[in-house]
Each structure stands twice: as C-alpha cells, then as structure tokens.
Amino acid sequence: MKHIPIVTTETIAGQTITEQLGIVRGNTIRARHVGRDILAAFRNLVGGEISDYTKLMAESREQALDRMQTEALELGADAVVSVRFTTSMLAHGAAELLVYGTAVKLTADNSSN
C-alpha cells in the first residue's frame with residue numbers, strides 16, 4: 001500500500017493544501033481476553049505495566065491508521081491533516097479506537113524560489 005503523510009498539524013511544511021477532500025476515519029473494536037484479564041488483575045496487585053494490553057492498544061492504533069489511510073487513498077488524497085484519536089467503551093470488556101482527520105491534496109510550496 002502507498003503511504004501518505006499523516007499528521008496532527010493543520011499544515012505540512014513545504015507543502016500547500018490545494019483541496020480538502022473531506023473527513024476520513026478508521027476504527028477497530030477490540031475485546032479483552034480472559035487470560036489477559038487474569039494477568040491484569042495480578043499486575044494490579046503487584047504493580048507494573050500490563051504489556052499484553054499495551055501491545056493490544058498499539059496493534060489497534062496501527063489497524064485504525066491503516067484503515068483511515070486506505071479511505072484517504074480511495075479519495076485520491078496526498079496526505080491527512082489534523083489527525084485525532086479517540087476511544088470509547090462499547091460494552092464491558094470491549095472498546096473502540098477511532099482515528100479521524102481531513103484528507104487533502106497538496107502541491108510543493110514554491111515560495112522559497
């Protein structure tokens with residue numbers, strides 16, 4: 001898959017936004033695993049990072065970003081700006097991770113010539 005810039009800023013240095021194509025989004029819904037919950041309960045007793053949950057969230061973020069990028073590419077975007085993440089609890093043990101931003105077309109900024 002082609003990769004395009006995905007940024008949290010409203011602009012991209014050295015580029016001019018020539019067209020806004022609209023909002024693009026990607027999401028994933030993940031449920032906890034009983035085995036991980038047992039380990040998490042133990043971690044609550046002794047302290048420390050719950051690495052299985054950290055890995056689960058990292059995978060969720062990447063999947064949501066990939067889905068957003070795919071939607072942007074389908075619109076013909078050169079980049080996605082103003083990207084934000086949000087999460088919400090859907091049911092006990094299940095959460096949604098959503099990423100969204102604005103798909104844009106770009107041209108190189110020639111103002112330095």
Using a 3.5 Å distance criterion without hydrogens, assess whether the side chain of [X] forms a donor-acceptor pair with backbone atoms of [Y].
X	Y	value
N27	L97	no
E96	T28	no
K105	L21	no

*Give the minimum heavy-atom separation between R30 and S60, together with the two atoms involved.*
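The answer is CG-OG, 3.1 Å.
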[atom1]-[atom2] distance between [X] and [Y], expressed to the nearest 0.5 angstrom:
X	Y	atom1	atom2	answer
T16	L106	OG1	CG	8.5 Å
R61	F85	CZ	CZ	7.0 Å
M68	Q63	CE	CD	13.5 Å

*Residue L75 excluded, over 12 heavy atoms near CG under 6.0 Å*: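 Yes - once you tally the heavy atoms of other residues, nucleotides and ligands closer than 6.0 Å, there are more than 12.
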Same hydrophobic cluster for [X] and [Y], using side-chain heavy-atom links shorter than 4.5 Å among ILVMFWY?
X	Y	result
M57	L65	yes
I17	I12	yes
V7	L73	no

_Test side chain to side chain contact (heavy atoms under 4.5 Å, CB included) on R84 and V99; report intermediate values, then the result._
CA-CA 6 Å; R84 301 292 182 264; V99 61; over 6 Å; no
*Please step through side chain to side chain contact (heavy atoms under 4.5 Å, CB included) for the pair T102 and V24, ending with a clear verdict.*
CA-CA 6 Å; T102 303; V24 288; over 6 Å; no
Kindly indicate whether the side chain of [X], heavy atoms from C-beta on, has any atom under 4.5 Å from the side chain of [Y].
X	Y	value
V80	I4	yes
L90	I29	yes
L98	T87	no

*asked:* According to salt bridge (Lys or Arg N to Asp or Glu O under 4.0 Å), does anything in residues 16-29 pair up with another residue at least two apart or in another chain? List the pairs.
replied: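 For residues 16-29, and leaving out neighbouring residues, the salt bridge (Lys or Arg N to Asp or Glu O under 4.0 Å) pairs sorted by first residue read R25-E71.
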*Any pair with a residue in residues 2-12 that passes salt bridge (Lys or Arg N to Asp or Glu O under 4.0 Å), sequence neighbours left out, goes on the list, sorted by first then second residue, please.*
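Passing the test, one end in residues 2-12: no pairs.
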